[in-house]
Protein chains: 2
Amino acid sequence: MSGLRARDPAPAKPAATEPARRPRRPSGGPGSLLEVAVAEFNTRGYDATSMEDLSRAAGITKSSFYHHFAGKEALLRAALERALDGLFGVLAEPGAQTGTPSERLRHIVRGQVRVLMADLPYVTLLLRVRGNTETERWALERRRAFDAEITALVRAAVDAGEVRAGVEPALAAKLLSGLVNSIVEWYRPGRPGTATLPDDVARAAFAGILPAAA
Amino acid sequence: MSGLRARDPAPAKPAATEPARRPRRPSGGPGSLLEVAVAEFNTRGYDATSMEDLSRAAGITKSSFYHHFAGKEALLRAALERALDGLFGVLAEPGAQTGTPSERLRHIVRGQVRVLMADLPYVTLLLRVRGNTETERWALERRRAFDAEITALVRAAVDAGEVRAGVEPALAAKLLSGLVNSIVEWYRPGRPGTATLPDDVARAAFAGILPAAA
DNA sequence: CCCCGTCGACCGATCGTTCGGTCGGAGAGC
DNA sequence: GCTCTCCGACCGAACGATCGGTCGACGGGG
């Protein structure tokens with residue numbers, strides 16, 4: 001049907017100075033459909049974001065979106081996979097596998113903050129998953145596994161006497177994760193203090209957020 | 001999906017001792033429509049929860065629900081108001097108004113944890129608001145005001161020399177809020193360690209989550 | 001008798017998804 | 001160099017389902 005061409009009202013995407021250039025959509029880099037979608041998910045929330053919202057933000061139609069992704073949930077899974085890969089990648093680093101429990105924990109905290117900053121939108125999305133679909137439950141499960149490793153390491157540090165006696169490993173691990181993960185609520189790239197953030201957070205975790213004056 | 005549902009009229013609500021008596025729905029207490037709704041919002045997420053989900057959970061029809069509440073958003077506002085009242089109530093307490101900045105901060109942290117535990121579902125909902133509707137933006141604004149007071153107090157503590165020099169007030173305040181607020185992700189009432197939680201969290205904030213052994 | 005709480009039926013809008021078809025660039029054959 | 005064919009990217013229109021919300025009726029206790 002149709003056949004009407006009419007050069008659709010491109011939503012402020014193509015620069016007027018440029019001729020009919022091929023935008024050539026990248027597949028994983030900046031400006032990719034996944035990146036655009038994740039940004040929308042984080043602004044409005046996954047459930048509140050419609051496929052039309054995504055299409056509009058990407059500058060293509062809803063139908064075109066389905067040419068690149070199987071559906072809304074496939075988009076979510078791809079994003080969550082990226083976040084989880086980054087997080088588990090930290091656990092696999094040499095610095096997380098060698099040294100005293102305390103040293104390993106310090107390395108993991110710094111690495112976690114580093115990944116969180118580098119893949120901010122993806123990690124943000126991961127931390128907001130509620131478990132409505134099978135994909136979300138899968139992500140929740142993997143997060144649980146990650147947290148379990150942290151808890152085990154905290155327990156090892158307490159048992160080794162590296163941490164003050166009386167600290168409850170389960171509680172400390174939860175507070176530790178909470179401290180680190182809360183960074184997604186306010187961190188935005190390109191602001192001052194970015195370079196020292198991993199160290200600052202590690203220091204706060206070990207010495208206190210509000211340590212008494214010397 | 002899973003649309004199939006087997007005649008689920010009253011979810012374990014009616015007392016067996018009573019005959020077919022009118023359940024007499026309370027307006028603010030346990031079992032109230034608001035409480036049921038907030039619980040649903042927290043499990044599925046506000047946007048993913050339909051009015052039919054709420055009605056089913058409350059044991060009445062959708063239309064009956066609209067007899068008690070103006071709509072979905074009115075429900076949300078009532079819940080957010082309750083959470084915010086609790087939080088700002090802490091700031092108004094004598095312990096939060098007198099003493100050194102450091103003492104006041106310690107009191108506020110403990111009080112914040114206390115409110116969070118007492119009004120867990122409401123505070124949980126508040127902390128997940130994204131800003132999609134006017135109501136959500138209003139809640140976000142009030143949260144921002146709350147955080148601003150904390151930041152000012154942290155700055156005062158640093159200026160007074162009560163906190164180790166070099167601590168950035170803005171960063172410390174954000175980490176502090178993140179630490180406290182993350183409790184809603186795992187705390188569930190009726191578990192051991194509940195009584196000491198406010199003190200435990202305050203200690204973690206001031207002395208560190210993983211303090212070095214003495 | 002009236003009125004409060006409840007109900008089933010229904011509304012328009014929007015949801016995620018599908019489908020048939022258009023367009024233009026990249027080769028293949030000559 | 002010039003067609004012809006193919007194919008991936010894209011599109012408008014429409015699908016059934018479900019969304020938040022409305023309406024008129026009914027029934028039983030004060």
Side-chain angles (χ1 to χ4, degrees), chain A residues 1-11 13-14 19-27 31-34 36-37 40-41 44-78 132-136, chain B residues 1-5 7-10 13-14 18-27 31-34 36-37 40-41 44-79 132-136:
Chain A
M1 353 237 143
S2 83
L4 263 288
R5 206 75 301 272
R7 197 62 184 101
D8 81 296
K13 202 79 215 222
R21 250 185 57 84
R22 170 73 62 100
R24 190 67 199 109
R25 181 96 48 188
S27 60
S32 73
L33 291 184
L34 181 58
V36 169
E40 291 293 302
F41 287 158
R44 303 161 154 72
Y46 175 74
D47 291 298
T49 305
S50 71
M51 290 301 285
E52 247 177 47
D53 291 331
L54 298 184
S55 315
R56 194 178 306 116
I60 59 176
T61 61
K62 235 181 358 166
S63 3
S64 297
F65 221 111
Y66 277 90
H67 181 72
H68 302 278
F69 279 92
K72 197 183 180 186
E73 199 170 348
L75 230 17
L76 178 64
R77 172 172 272 265
N132 288 334
T133 67
E134 194 51 50
T135 296
E136 299 192 15
Chain B
M1 324 328 171
S2 81
L4 265 294
R5 208 153 263 272
R7 198 64 182 97
D8 194 18
K13 205 74 213 191
E18 282 188 319
R21 252 188 59 79
R22 173 74 58 100
R24 186 68 196 107
R25 182 96 48 187
S27 61
S32 73
L33 290 184
L34 180 59
V36 169
E40 290 293 301
F41 286 158
R44 299 179 229 250
Y46 175 74
D47 291 297
T49 304
S50 72
M51 289 301 286
E52 252 179 41
D53 290 331
L54 298 185
S55 313
R56 194 178 306 117
I60 59 177
T61 61
K62 218 170 33 151
S63 356
S64 294
F65 217 111
Y66 276 92
H67 181 72
H68 301 278
F69 278 92
K72 197 183 180 186
E73 199 170 346
L75 230 17
L76 178 64
R77 172 171 273 265
N132 289 332
T133 67
E134 194 51 50
T135 297
E136 298 191 14

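Lettering of chains follows the sequences in order, A, B, ..., and the numbering in each one begins at 1. All figures in this text were calculated on a predicted structure; none of them were measured in a lab.
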Determine, step by step, whether A:Leu54 and A:Val36 satisfy the side chain to side chain contact (heavy atoms under 4.5 Å, CB included) criterion, reporting the C-alpha distance in whole Å, the side-chain angles of both residues, the deciding distance to 0.1 Å, and the verdict. CA-CA 7 Å; A:Leu54 298 184; A:Val36 169; over 6 Å; no
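- For the atom pair OG (B:Ser50) and CZ (B:Arg56), the distance works out to 6.5 Å, reported to the nearest 0.5 Å.
- Listed by chain and residue number, B:Thr61 satisfy the side-chain hydrogen bond (donor to acceptor under 3.5 Å, both in side chains) test with B:Ser64 (two or more places apart in sequence, or in another chain).
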For nucleotides 25-27 of chain D, give me every protein contact, N/O to N/O, under 3.5 Å, one pair per line with atom names.
none

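- In this structure, B:Leu54 places its CG atom 13 Å from C1' of D:dG21, rounding to the nearest Å.
- Minimum heavy-atom separation, B:Gly71 to B:Tyr66: CA-CE2, 3.7 Å.
- Between the CZ atom of B:Phe69 and the P atom of D:dT22 there is a distance of 15 Å, given to the nearest Å.
- Take B:Arg44 and apply the side-chain hydrogen bond (donor to acceptor under 3.5 Å, both in side chains) test, not counting sequence neighbours, and it matches B:Glu40.
- Residue B:His68 has a polar side-chain atom (N or O) positioned under 4.0 Å from OP1 or OP2 of C:dT6.
- B:Thr61 has a side-chain polar atom (N or O) that falls below the 4.0 Å cut-off from OP1 or OP2 of C:dC7.
- Annotation: side-chain hydrogen bond (donor to acceptor under 3.5 Å, both in side chains) contacts of A:Ser55 (sequence neighbours excluded): none.
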Would you list the protein and nucleotides 5-7 of chain D atom pairs, both N or O, that sit under 3.5 Å from each other?
none

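- In terms of phosphate contacts, A:His67 brings no side-chain nitrogen or oxygen within less than 4.0 Å of OP1 or OP2 of D:dC10.
- Counting only residues at least two apart or on different chains, the ring-ring contact (aromatic ring centres under 6.0 Å, His included) pairs with a member in residues 46-65 of chain A are A:Phe41-A:Tyr46.
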How would nucleotides 12-19 of chain C be written as a contact map, 5' to 3', with B for base contact, S for sugar-phosphate-only contact and - for no contact, using protein heavy atoms under 4.0 Å? ---SBBBB
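- With sequence neighbours left out, the side-chain hydrogen bond (donor to acceptor under 3.5 Å, both in side chains) criterion links A:Glu52 to no other residue.
- For the OP1/OP2 pair of C:dC7 and a distance below 4.0 Å, the side-chain nitrogens and oxygens of B:Ser64 include at least one atom meeting the criterion.
- The CZ-P distance, from B:Arg56 to D:dG20, rounds to 12 Å in whole Å.
- Smallest separation of non-hydrogen atoms from B:Asp53 and B:Ala48: OD2-O, 3.9 Å.
- Screening residues 69-79 of chain B for salt bridge (charged side-chain N to carboxylate O under 4.0 Å, His left out) gives B:Arg77-B:Glu81 as the qualifying pairs, with residues at least two apart or on separate chains.
- Note: B:Leu75 CG to B:Thr135 OG1 = 11.0 Å, rounded to the nearest 0.5 Å.
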